[in-house]
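Quick notes on the structure that follows.
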Amino acid sequence: MIDLKLAQKQPEVVEKALKERHSKLDMREFRALDERRRALLAEVEALKGRRNAASDEVAAIKRAGGDASDRFAALGELSERIKKLDAEVAEVKAEEEAWLLSVPNLPDASVPQGADEKENVEIARWGTPRAFDFPPEEHGELGTRLGGLDFARAAKLTGSRFVVERGWAARLERALVNFFLDQHTKREGYIEIAPPYMVNRVTMTGTGQLPKFEEDLFKVRDWDYYLIPTAEVPLTNLHAGETLDEAELPLAYCAATPCFRSEAGSAGKDTRGIIRMHQFTKVEMVRFAHPDDSMNQLELMTGHARHLLELLELPYRVITLCTGDLGFSAAKTYDVEVWLPSQNTYREISSCSNCTDFQARRANIRFKPRGGKAAWAHTLNGSGLPTGRTMAAILENGQQKDGSVVLPKALVPYMDGVEVIEPAR
RNA sequence: GGAGGGGUAGCGAAGCGGCCGUAACGCGCUCGACUCGAAAUCGAGUUAUCGGUGAGUAACCGGUACGUGGGUUCGAAUCCCACCCCCUCCGCCA
């Protein structure tokens, strides 16, 4: 949520941000609601002031042993008017709140201007895509041929956009989770969390998935619970409603969880392989930072995601999302894209964002300097990394002419010494 | 699922329908006194949020908040209803 005061006092700043993001929201709607709310509030507060004063008088009379019942009729009428006005204020306030909740975060000044993903800016590249002397096989086919991925049975069990992993693939999944978590917890100082995979509506609202993106979520029937689309949701909300000690910052968490996404609106996209599933496993990094330090923290955290790909010997590039392509909660986002030989292109494998105070304001996450006043903390999140897309990249980049796959050396200890996945015979 | 107890400031906790929300009391925290310094002791201070006036995140005036949402009442932390969470016990269960 953006700052109410900012919208009231510097509407031009919000207006500019909305324009940069190519949003259709109109500040005039907000202005009308805000003015109406304040007018109603002034009116009802004056009436309440009168009621309070009168109540004090009644109390004084009663204490003195007098009879104040002749005042009750007029006061009752006053209370009725207050009740009606209160209801009106609540209605307008709810509308105003809904409007504010639908406003995306303000892009950071360093974010490049642009309308859509075509105007994202590449800022770094690592590794060289391998030259193949045979046509590289797509990872879904490859994984199926090697007996690790089973889309047919997943479709039988559930439906499309699910996969069954068998043998080496299931083992590789577990190896990747352990490898990622070990890097984060042992080398980079993240605290490992095992959170709930279902959260309530308030939690989903805190990180910005609700109310706007309900159709992207799986909802639990008869409960106000949702399956998490990413561990960002429970991790960021860990400190919802809390005031952190400034000395604790930056605070870093990581978690490996399944992620559930309805993928509404992406019908027909990425239908092959395991790039876009309804369920996938991801290790997520979340950081709570001091406002003055959060942009440094974004660089640091993006570095953690990049380092994993370097250890896995997977070529990648990093892009800065332009204003038009930024996610709802983010002020600045780096996407890390891994090389996929079968598609002859880089595909997103990690998205690292600084949400500044946008989620903190929704979820009420603050920090307090010693002796100072509490302020909104900044929250950041990034993938580090999803197992599925990483597995896709490992399979495609490591494939050999003989149909086998050579695994990255860093994973061998996690695979009980297995270096190559051989075709079954 | 059943029975009972509870939810009030950073924490613990008191609170006969009006004199209790700048919320008793205790702890903590901040500042000061004492001290070479510290501890102990003593003194002072210490809720958040919204609206108005205002250049002001200063000051002043007012509103709101006792888990959440309703209700009763001239007036609710206090009475009634529903829901949420925590604790104890019972049942069921991986």
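Worth saying up front: this structure is predicted, and the values here are computed from it rather than measured. The figures here come from the full heavy-atom set of this structure, side chains too, leaving out hydrogens, waters and symmetry mates. Every chain is numbered from 1 and lettered A, B, ... according to where its sequence line falls, protein lines coming before strand lines.
Mapping A:Arg366 and A:Ala53 onto RNA chain B by nearest heavy atom places A:Arg366 at the nucleotide closer to the 5' end.
The existence of a salt bridge linking A:Lys84 and A:Glu88 is excluded, since no basic side-chain nitrogen approaches an acidic carboxylate oxygen closer than 4.0 Å.
Pairing of B:A3, defined by two Watson-Crick or G-U wobble distances under 3.5 Å, is identified with B:U88. In this structure, B:A77 makes no Watson-Crick or G-U wobble pair, since no nucleotide meets both defining distances under 3.5 angstrom.
In this model, the phosphate group of B:G51 is approached by a side-chain N or O of A:Gln8 to a distance below 4.0 Å at OP1 or OP2.
Residue-level contact check: A:Lys62 touches the bases, meaning some heavy atom is under 4.0 Å from a base atom. Residue contacts shown for A:Arg37 are limited to sugar-phosphate atoms, with no base heavy atom under 4.0 Å away. Residue-level contact check: A:Lys93 touches neither bases nor backbone, having no heavy atom under 4.0 Å from any strand. No contact: A:Arg71 has no heavy atom under 4.0 Å from any strand.
For the residue pair A:Gln359 and A:Thr207, no side-chain donor N or O sits within less than 3.5 Å of a side-chain acceptor on the partner.
Note on ring orientation: taking the six-membered ring where Trp is involved, the planes of A:Phe328 and A:Phe213 are perpendicular (angle over 60°, cut-offs 30° and 60°).
The CD1 atom of A:Ile61 sits 15 Å away from the C1' atom of B:C19 (whole-angstrom rounding). Per the geometry, CG belonging to A:Asp67 stands 14 Å off P belonging to B:C74, to the nearest Å.
Ring centers of A:Phe367 and A:His290: under 6.0 Å apart, within the cut-off.
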